[in-house]
Amino acid sequence: MISLQPSKGHLLVAEPSIIGDVSFNRSVVLLADHSEQGSIGFIMNKPLEYSLADLVPDIEADFKIYNGGPVEQDNLYFIHKVPDLVPNSVEISGGIYWGGDFSIVSKLIAENKITSNEIRFFLGYSGWDSEQLNQELEANSWVIVENNYKKNIFGKSYDTFWKEKMIELGGEYMLWSNAPENPTYN
């Protein structure tokens with residue numbers, strides 16, 4: 001049963017039953033947009049082996065790049081919490097903003113006026129068409145929870161984020177918090 005409805009700013013926590021899906025296994029996704037047309041989100045806890053300097057050589061910064069999801073993985077996206085510095089950004093909720101003028105972001109990084117605690121970069125995004133997310137929710141692939149961290153979500157440890165959400169959900173989810181990622185290893 002779905003207790004919360006999807007909404008911008010909510011978190012989608014992957015059910016333990018999602019096994020073998022490289023993108024979504026043990027993922028925590030921040031919903032950046034949700035409407036009748038579909039939903040867009042970014043996986044918050046799947047860092048890649050790249051830094052921003054690896055992808056944009058003009059920027060000398062070691063900001064970590066995350067796997068945002070399986071859609072358009074050849075595109076770089078970003079969310080941040082400094083809308084006063086980044087023009088044309090769109091509020092997701094709770095002080096978190098999506099996109100904006102990348103040339104300004106590049107300049108701010110070069111001038112050390114924006115830190116990795118204020119912005120997060122992603123290759124790709126997670127996307128669902130108009131009914132797809134609802135179908136996945138009905139199939140118990142995701143649990144929707146409030147983003148109680150608001151803009152402090154950037155400070156969450158990606159290593160333990162999913163496990164912490166399992167513990168917070170309690171009940172049978174607590175059992176999964178210490179289970180190996182691949183149950184056949186148990």
Side-chain angles (χ1 to χ4, degrees), residues 6-35 37-82 86 88-93 96-106 108-109 114-137 139 141-144 147 153-163 165 181-182:
S7 181
K8 286 172 59 169
H10 281 155
L11 299 175
L12 297 177
V13 180
E15 283 278 354
S17 60
I18 297 181
I19 298 171
D21 184 317
V22 175
S23 292
F24 294 127
N25 179 33
R26 295 185 176 214
S27 290
V28 178
V29 177
L30 174 68
L31 275 179
D33 192 23
H34 178 74
S35 68
Q37 287 74 41
S39 302
I40 295 173
F42 298 100
I43 302 171
M44 299 300 293
N45 63 325
K46 300 278 181 156
L48 297 170
E49 296 296 320
Y50 306 110
S51 72
L52 188 57
D54 294 330
L55 302 178
V56 186
D58 294 343
I59 300 176
E60 294 179 17
D62 62 353
F63 290 28
K64 190 175 290 296
I65 303 293
Y66 288 77
N67 173 4
V71 183
E72 293 187 13
Q73 287 202 322
D74 54 346
N75 287 327
L76 187 65
Y77 298 91
F78 60 95
I79 61 175
H80 59 88
K81 55 184 182 179
V82 288
V86 182
N88 303 319
S89 52
V90 176
E91 186 170 22
I92 294 172
S93 77
I96 302 173
Y97 293 77
W98 175 15
D101 189 327
F102 187 75
S103 63
I104 300 289
V105 168
S106 298
L108 291 167
I109 291 171
I114 191 169
T115 68
S116 60
N117 292 328
E118 297 170 314
I119 192 165
R120 186 166 287 183
F121 293 93
F122 304 90
L123 275 179
Y125 67 90
S126 302
W128 296 266
D129 68 22
S130 61
E131 286 303 311
Q132 185 181 5
L133 182 56
N134 287 333
Q135 291 167 355
E136 290 182 17
L137 289 167
S141 296
W142 302 99
V143 176
I144 303 171
N147 173 15
I153 193 169
F154 294 173
K156 293 302 299 167
S157 167
Y158 60 83
D159 288 331
T160 60
F161 201 7
W162 183 83
K163 179 179 179 170
K165 297 316 291 176
E181 189 165 341
N182 185 337

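Quick note: residue numbers are just sequence positions, from 1.
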(request) Using the ring of Tyr66 (Phe, Tyr or Trp, six-membered ring only), decide whether Arg120 places NZ or CZ under 6.0 Å from its centre and within 45 degrees of its axis. (result) yes
(request) Verify the neighbour count for atom CD of Gln132: are there more than 12 heavy atoms of other residues, nucleotides or ligands below 6.0 Å? (result) yes
(request) State the CG-CD distance between Leu48 and Gln73, to the nearest 0.5 angstrom. (result) 7.5 Å
(message) So which atom in Lys64 and which in Pro47 form the shortest heavy-atom distance, rounded to 0.1 Å?
(response) CD-CB, 3.4 Å
(message) Let me confirm one number: the CG-CD1 distance from Leu52 to Ile119, rounded to the nearest 0.5 Å.
(response) 8.5 Å
(message) Within this structure, what is the CG-CG distance for the pair Leu55 and Asp74, rounded to the nearest 0.5 Å?
(response) 11.5 Å
(message) Can you tell me how the ring of Trp142 sits relative to the ring of Phe24, calling it parallel under 30°, perpendicular over 60° and tilted otherwise?
(response) perpendicular
(request) Scan side-chain atoms only and decide if His34 and Ser39 contain a donor-acceptor pair under the 3.5 Å cut-off. (result) yes
(request) Identify the heavy atoms of Asn45 and Trp162 that sit nearest to each other, and give their distance. (result) ND2-CB, 3.9 Å
(request) Mark yes when over 12 heavy atoms from residues, nucleotides or ligands other than Phe154 sit less than 6.0 Å from its CZ; otherwise mark no. (result) yes
(message) Applying the side-chain contact (heavy atoms from CB on, under 4.5 Å) criterion to Ser27, which one of Leu11, Ile43, Val13, Val22 satisfies it?
(response) Ile43
(message) So which atom in Asp33 and which in Lys8 form the shortest heavy-atom distance, rounded to 0.1 Å?
(response) CA-CG, 3.5 Å
(message) With a 4.5 Å cut-off on side-chain heavy atoms, are Val105 and Ile59 touching?
(response) no
(request) State the CZ-CD distance between Phe63 and Glu118, to the nearest 0.5 angstrom. (result) 8.5 Å
(request) Mind telling me whether Phe42 and Tyr125 have parallel, tilted or perpendicular rings, with 30° and 60° as the class edges? (result) perpendicular
(request) List in chain and number order the residues that pass side-chain hydrogen bond (donor to acceptor under 3.5 Å, both in side chains) with Trp98, two or more places apart in sequence or in another chain; answer none if no residue qualifies. (result) none
(message) Does any part of the side chain of Leu12, heavy atoms only, come nearer than 4.5 Å to the side chain of Trp128, both counted from C-beta?
(response) yes
(request) Check Met44 against Tyr158 and note the closest heavy-atom contact, atom names and distance. (result) O-CB, 4.2 Å
(message) For a quick test of reading the model, state the closest non-hydrogen atom pair linking Leu31 to Ile92 and the distance between them.
(response) O-CG2, 3.4 Å
(request) Could you walk me through whether Ser17 and Glu15 pass side chain to side chain donor-acceptor pair (under 3.5 Å), step by step? (result) CA-CA 5 Å; Ser17 60; Glu15 283 278 354; 5.1 Å; no
(request) Ignoring hydrogens and angles, tell me if any N or O in the side chain of Lys163 forms a donor-acceptor pair with the backbone of Arg26 under 3.5 Å. (result) no
(request) Any chance you could measure Leu30, atom CG, to Phe122, atom CZ, to the nearest 0.5 Å? (result) 7.5 Å
(message) Quick check: closest heavy atoms across Ser89 and Gly99, and the distance to 0.1 Å?
(response) CB-O, 3.1 Å
(request) Measure the CG-OG distance between Asp21 and Ser23 for me, rounded to the nearest 0.5 Å. (result) 5.5 Å
(request) With the side chain counted from C-beta on, respond yes when Asn134 and Pro6 share a heavy-atom pair under 4.5 Å apart, and no when they do not. (result) yes
(request) Could you list the residues that satisfy salt bridge (charged side-chain N to carboxylate O under 4.0 Å, His left out) with Lys165, not counting sequence neighbours? (result) Glu168
(request) Find out whether Asn147 and Ile96 are in side-chain contact, i.e. whether some heavy atom of one side chain is under 4.5 Å from a heavy atom of the other. (result) yes
